[in-house]
Every structure is written in structure tokens, then in C-alpha cells.
Amino acid sequence: MAPLPARVLLLGGSAEARALADALVARGLEVTSSLAGRVSRPRLPAGRVRVGGFGGVEGLRAALRAEGWTHVVDATHPFAATMTAHAARATAAEGVPLLRLARPGWSGHPDAGAWRWVEDHDEACVVAGRLGRRPVLTTGRQTLHHYRGWAERPVLVRLVEPPVDPLPGAWTLVLARGPYDVDGETDLLRGHRADVLLTKDSGGAHTAAKLDAARVLGVPVVVVRRPSVPDGVAAVDDVAGAVRWVTGEV
């Protein structure tokens, strides 16, 4: 008897997730993309879309049983550690194969050896605080509470979505969505008179231009390392590899 066609649950709202959904739907597979709902106007992928959480590990387990998904691909943001951990536990309990798809990080960037790599945002705050007084903060709105100790500093914060809580009066907010270019990023850093840049190791080309701009201006960079993939979970860093995993192609 021929195996049943794959029914894929795709976790994430990343560019890689959208590209994977497009590729799998084009092959005639049934794909359901699950979006967290944190972005007000997300770019929707091909196939079915659901918005909102599952209710933790047990909620995801129940959804796996109810929907009959045969494969789960976790293509959430590289720093979505909670969702990744929940997916690993739920799929292991239900016996459903899981793949982690995350774009390559920036450790291979030509300047990576000169950056200050840190383990978390609290360490980033300490290290960056010693390097400069006019930070540019590009670590995302869910990380802002780690930097509230800089309330009196002239911090420039760039976000895709407005922050939930008001920012300190000394801070400047820029709302923008990538991709960015080096000229624009250079103007941003120069215009703020930035003396340190903070970022996460998100990887990809959409937001990498700030790293080149920092080199041009001699601005030190502090990078928060990305979380590790849970033990036993298969991982790929490109959409083609994820397609091969779902379809069983060599």
C-alpha cells in the first residue's frame, strides 16, 4: 500500500516558512501554517493558515491527534525557544516527525570574530553598556525590558511593530521592516551618532546590512547567540533541505 500523502504543520511566520509553504503546496501537499499572531499584518503563506497559540505542549499534542498531521516543521524565528521546546516535546510524545528549519546565523560573517558574542540579553546590556553611551537596539520588542536600565541614555530602538509599553523619554523609536541596505543603515547609525550596535544572531540577508554599516563606521557590535536546537531534533538551514525531508527525496 502506498504511503498517505504528507499533511504538514508548519510553525512560524518567517520568510523561510512562507517559502517552504509555497514549495510544498506547489507539490500538492496539504500544509497548515500556524502563526503566533504577534504581527498585526503578517505576510500570509500558501495553504491553510491558523493564527494563535496551541495552549502549550498538551494543546499541541491534542491538535496533532485531532488534525492528523504527519510531519511538523518548526520554522519559527531562530529565537522562538519556547515554541521550539514545546514542539519537540509534543511531537516526541505523539510520535510525529519534527524538523527544525532555521536560516544560517551570522557566525560566518567576515567581521564575526571582532564582535562581542554574549549568551543572553542581560549580558548584552552589561557588555554594550561598557562599550558605548548611544546604543542602537535591534533585538526586538519582546527584549526591551532587559534594557530598561538605560532609561536615561539616548537609545535608538528599531522595531517592526510598535512596543506594547511606552518607551523611556530619552529613547528614539524607529518603525521599519526589512530588507535594509547598507547606505540606509549607515545613515541610521551615523545620524544617531551610535557608538554600539546590539543585535541577535537572527541570520539571513534581510537585516544583515546593519553589520556592514557598523564596520564602515567603526561601531562595535554586540550579538546575542541563538538558542540551541533541542537534543534529537533534526535540523536544516535551507528550504530545499526541508522540502527533501518532508517528501522523502534524496
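Source: prediction; values computed, not measured.
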S.K.: What pair of heavy atoms forms the shortest contact from Trp245 to Val73, and how long is it?
M.R.: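 In this case the closest contact between Trp245 and Val73 is CZ3-CG2, 3.9 Å.
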S.K.: Please evaluate residues Trp106 and Arg226 with respect to the criterion side-chain contact (heavy atoms from CB on, under 4.5 Å), reporting the C-alpha separation (whole Å), side-chain torsions for both, the decisive distance (0.1 Å), and the verdict.
M.R.: CA-CA 10 Å; Trp106 288 320; Arg226 61 173 58 180; over 6 Å; no
S.K.: Determine, for Arg225 against Glu119, whether the closest basic-nitrogen to carboxylate-oxygen distance falls under 4.0 angstrom.
M.R.: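 Looking at Arg225 and Glu119, the cut-off is met.
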S.K.: Near Arg153 CZ, under 6.0 Å, is it more than 12 heavy atoms from other residues, nucleotides or ligands?
M.R.: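 Enclosed: over 12 neighbouring heavy atoms sit under 6.0 Å from CZ of Arg153.
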S.K.: Can you name the nearest heavy-atom pair linking Gly12 to Leu35, along with the distance?
M.R.: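 The pair with the smallest heavy-atom distance is O-CD2, 2.9 Å.
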S.K.: Please check if atom CZ in Arg130 has more than 12 non-hydrogen atoms from other residues, nucleotides or ligands closer than 6.0 Å.
M.R.: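 It does not: Arg130 CZ has 12 such atoms or fewer within range.
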S.K.: Under 4.0 Å between a side-chain nitrogen and a carboxylate oxygen: does that hold for Glu94 and Arg61?
M.R.: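 Yes, charged N to carboxylate O under 4.0 Å.
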S.K.: Indicate the atoms forming the closest heavy-atom contact of Trp171 with Val157, along with that distance.
M.R.: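 Of all heavy-atom pairs spanning Trp171 and Val157, the closest is CE3-CG2, 3.5 Å.
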S.K.: Asp195 and Leu131: side-chain contact (heavy atoms from CB on, under 4.5 Å), yes or no, with the steps?
M.R.: CA-CA 7 Å; Asp195 54 13; Leu131 290 171; over 6 Å; no
S.K.: Could you tell me how the ring of His109 sits relative to the ring of Trp115: parallel (under 30°), tilted (30 to 60°) or perpendicular (over 60°)?
M.R.: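 Taking Trp115 first and then His109, their aromatic rings sit tilted (interplane angle of 30° to 60°).
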S.K.: When you measure from the centre of the six-membered ring of Tyr180, is the NZ or CZ of Arg177 under 6.0 Å away and within 45° of the axis?
M.R.: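 No, Arg177 does not sit over the ring of Tyr180.
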S.K.: Taking 4.0 angstrom as the limit, do Arg27 and Glu249 come out as a salt bridge?
M.R.: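 Yes, Arg27 and Glu249 are salt-bridged.
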S.K.: Got more than 12 heavy atoms from elsewhere within 6.0 Å of CZ, Arg193?
M.R.: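 Result for CZ/Arg193: open.
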S.K.: Answer whether the closest heavy-atom distance between the side chains of Pro163 and Leu173 falls below 4.5 Å.
M.R.: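 Sidechains of Leu173 and Pro163: in contact.
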S.K.: Checking Ser34 against Arg50 for the side-chain hydrogen bond (donor to acceptor under 3.5 Å, both in side chains) test, could you report, in this order, the C-alpha distance in whole Å, the side-chain angles of both residues, the deciding distance, and whether it holds?
M.R.: CA-CA 5 Å; Ser34 179; Arg50 67 177 302 279; 2.9 Å; yes
S.K.: Looking at every non-hydrogen atom in both residues, tell me the closest pair between Pro45 and Asp22 and how far apart they are.
M.R.: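 Nearest pair, atom of Pro45 first, then Asp22: C-OD1, 4.3 Å.
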S.K.: Distance check, rounded to the nearest 0.5 Å: Leu11 atom CG versus Leu60 atom CG?
M.R.: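 Atom-to-atom, Leu11:CG and Leu60:CG are 7.0 Å apart.
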S.K.: Is there a donor in the side chain of Tyr147 and an acceptor in the side chain of His121, or the other way round, less than 3.5 Å apart?
M.R.: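 Their side chains do contain a donor-acceptor pair, which is all the 3.5 Å distance test asks for.
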